[in-house]
Student: 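Have a look at this one before I ask anything.
All ligand and atom numbering here is 1-based and tracks the order in the structure.
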Amino acid sequence: MTDNFIGKNALITGASSGIGKDIAYIMAEKGINLILLARREDALIKIKEDIQDKFSINIMVIAADLSQIPEYERIYDECKRNHFMPDFLVNNAGYGTLDSFHKISYEDHIKFINVLTTSVVSLTQLFIQNMISNGFGRIINIASLAGFAPASNSGGMYTAVKSMVIKFSEGIHKEYKDNNIYCCAVCPGFTHTEFHDQMGEFKSSIPSFMWMSSKTVAKQAFDETMKGKDLYINGGINKFLAFLMWLTPKWLTNLYYKLIMRKRP
Ligand SMILES: NC(=O)c1ccc[n+]([C@@H]2O[C@H](COP(=O)([O-])OP(=O)(O)OC[C@H]3O[C@@H](n4cnc5c(N)ncnc54)[C@H](OP(=O)(O)O)[C@@H]3O)[C@@H](O)[C@H]2O)c1
């Protein structure tokens, strides 16, 4: 028997492109109403119009910058005021950093932490209350295979924040699964989206067999979270790499990382 989610609501962060946008279409097809959130309001409105041409669901757009902590309560208030409280929360917004740690300003480090972790924790805390009252909640946290990788030199932060999201998701799942609230850390590897657009030669140095489509990652993220998994690594190659990272001595994984990162701008 397939689950019937018609009429439920989902909040998706980072819905203006890539994995978040593809999750929006997957949920729309299932009759789930959508709250699409990102900074680029024009892109969100275009996606809203296109989805509403195809599916009869309600969609609300919220333009918000998740690097700004006061935005989290404004997002909550806007959902509440519009009687549009999410049953599904997709914490997906994110980006990478390129420079060395010391070249990135203190303010930019804080913004990065806010988008990739503080917003995940805060939106979960704000919206889980309603999920508990309703006896239903599904939280998809887009982490990364990088969360299993040895510490990288991409600003020193990306692997650190993604491993935090993995542990956080597993903890939430453990604590609330008996309330019928599932939380899954989804861990994609290299995925075709706007994420790598600024990385030039680095992108072309990654062999094609290591890439997945954003649509496949999005579909797996939804399906595996609904099954009640607390952790999902997308694709056979990425699962194998995660296993190798767990198995392999630190010096060897560091060497692998050095080779992968050598074309980084
Ligand atoms: N692509 C990969 O290879 C890969 C691999 C592993 C994990 N991931 C993770 O997957 C998630 C989605 O990334 P993607 O690959 O789909 O990249 P993407 O196409 O660049 O999408 C990123 C989304 O995040 C939003 N965003 C960025 N900064 C934001 C901010 N300050 N406030 C609100 N929204 C913000 C962007 O919207 P606006 O610019 O409109 O704000 C956009 O919708 C990220 O968490 C990323 O770390 C990606």
Student: Under 4.0 Å from a heavy atom of Asn92: give me the atoms of ligand 1 that qualify, with their elements.
Tutor: 11 (C), 12 (C), 44 (C), 45 (O)

Student: Should one rank Ala218, Ser17, Gly18 by closest heavy-atom distance to atom 21 (O) of ligand 1, which comes out on top?
Tutor: Ser17

Student: Indicate yes or no: at least one non-hydrogen side-chain atom of Ile23 is less than 4.5 angstrom from one of Ile142.
Tutor: yes

Student: Check the angle between the aromatic planes of His192 and Trp211 and answer parallel, tilted or perpendicular using the 30° and 60° thresholds.
Tutor: parallel

Student: Answer yes or no: does an N/O atom from Gly14 fall short of 3.5 Å to an N/O atom of ligand 1?
Tutor: yes

Student: Considering only the protein, which heavy-atom contact is closest to atom 13 (O) of ligand 1, and what is its distance?
Tutor: Phe195 CD1, 4.2 Å

Student: Heavy atom to atom 15 (O) of ligand 1, shortest distance: which of Asn114, Thr193, Val165 holds it?
Tutor: Thr193

Student: Starting from atom 27 (C) of ligand 1, find the nearest protein heavy-atom neighbour and note its residue, name and distance.
Tutor: Arg39 NH2, 3.5 Å

Student: Val90 versus Met27: any side-chain heavy-atom pair under 4.5 Å?
Tutor: yes

Student: Taking the six-membered ring for Trp, are Phe88 and Phe5 closer than 6.0 Å centroid to centroid?
Tutor: yes

Student: Quick test: of every protein heavy atom, which one is nearest to atom 7 (C) of ligand 1, and how far off is it to 0.1 Å?
Tutor: Ala143 O, 3.2 Å

Student: For the ring pair Phe112 and Tyr95, is the centre-to-centre distance below 6.0 Å?
Tutor: yes

Student: Below 4.0 angstrom from a heavy atom of Ala15, which ligand 1 atoms are there? Numbered from 1 as shown, please.
Tutor: 43 (O)

Student: With respect to Leu66, determine whether any N or O atom, backbone or side chain, lies less than 3.5 Å from an N or O atom of ligand 1.
Tutor: yes

Student: Number the atoms of ligand 1 from 1 as they appear, then name those within less than 4.0 Å of a heavy atom of Gly189, with their elements.
Tutor: 2 (C), 3 (O), 4 (C), 5 (C), 6 (C)

Student: Can we say Asp50 and Lys54 salt-bridge, meaning some charged N sits less than 4.0 Å from an Asp/Glu carboxylate O?
Tutor: yes

Student: Report, in ascending order of atom number, the atoms of ligand 1 lying under 4.0 Å from any heavy atom of Glu194.
Tutor: 19 (O), 20 (O)

Student: When only distance counts, is His196 in polar contact with ligand 1, meaning an N/O pair under 3.5 Å?
Tutor: yes

Student: Output yes when the distance from some N or O of ligand 1 to some N or O of Ile19 is under 3.5 Å, and no in every other case.
Tutor: yes

Student: Under 4.0 Å from ligand 1, counting heavy atoms only, is it the side chain of Cys187, its backbone, both or neither?
Tutor: neither

Student: Is there side-chain contact between Lys48 and Met60, with at least one heavy-atom pair below 4.5 Å?
Tutor: no

Student: List ligand 1 atoms under 4.0 Å from Gly94, heavy atoms only on the residue side.
Tutor: 22 (C), 24 (O), 27 (C), 44 (C), 45 (O)

Student: Only heavy atoms of Asp65, strictly under 4.0 Å: list the atoms of ligand 1 that pass.
Tutor: 30 (C), 31 (N), 32 (N)

Student: Out of Ala93, Gly147, Ala146, whose heavy atom is nearest to atom 34 (N) of ligand 1?
Tutor: Ala93

Student: Compute the ring centroids of Tyr76 and Phe127, then answer whether they are less than 6.0 Å apart.
Tutor: yes

Student: For Tyr232 and Asp223, test the side chains for any donor-to-acceptor distance below 3.5 angstrom and give the result as yes or no.
Tutor: no

Student: What do you reckon, does Lys162 have a nitrogen or oxygen under 3.5 Å from a nitrogen or oxygen of ligand 1?
Tutor: yes

Student: Below 4.0 Å from any atom of ligand 1, is there a heavy atom belonging to Pro188?
Tutor: yes

Student: Looking only at protein heavy atoms, identify the closest one to atom 47 (O) of ligand 1 and say how far it is in Å.
Tutor: Tyr158 OH, 2.6 Å

Student: So is Gly96 touching ligand 1 or not, going by heavy atoms under 4.0 Å?
Tutor: no

Student: If only side-chain N and O atoms count, and only distance matters, is there a donor-acceptor pair under 3.5 Å linking Ser119 with Ser122?
Tutor: no

Student: Do you see a donor-acceptor pair shorter than 3.5 Å between the side chains of Thr225 and Arg138?
Tutor: no

Student: Under a 4.0 angstrom heavy-atom cut-off, which atoms of ligand 1 come close to Ala64?
Tutor: 32 (N), 33 (C)

Student: Any side-chain heavy atom of Asp22 within less than 4.5 Å of one from Thr193?
Tutor: no

Student: So, for Phe148 and Phe240, is the gap between ring centers shorter than 6.0 Å?
Tutor: no

Student: Looking at atom 36 (C) of ligand 1, what's its closest protein heavy atom, distance included?
Tutor: Ser16 OG, 3.8 Å

Student: I'd like to know if Lys177 and Glu170 make a salt bridge, using a cut-off of under 4.0 Å between side-chain N and carboxylate O.
Tutor: no

Student: Using a 4.0 Å cutoff against the non-hydrogen atoms of Ile142, which atoms of ligand 1 qualify?
Tutor: 9 (C), 10 (O), 11 (C), 45 (O)

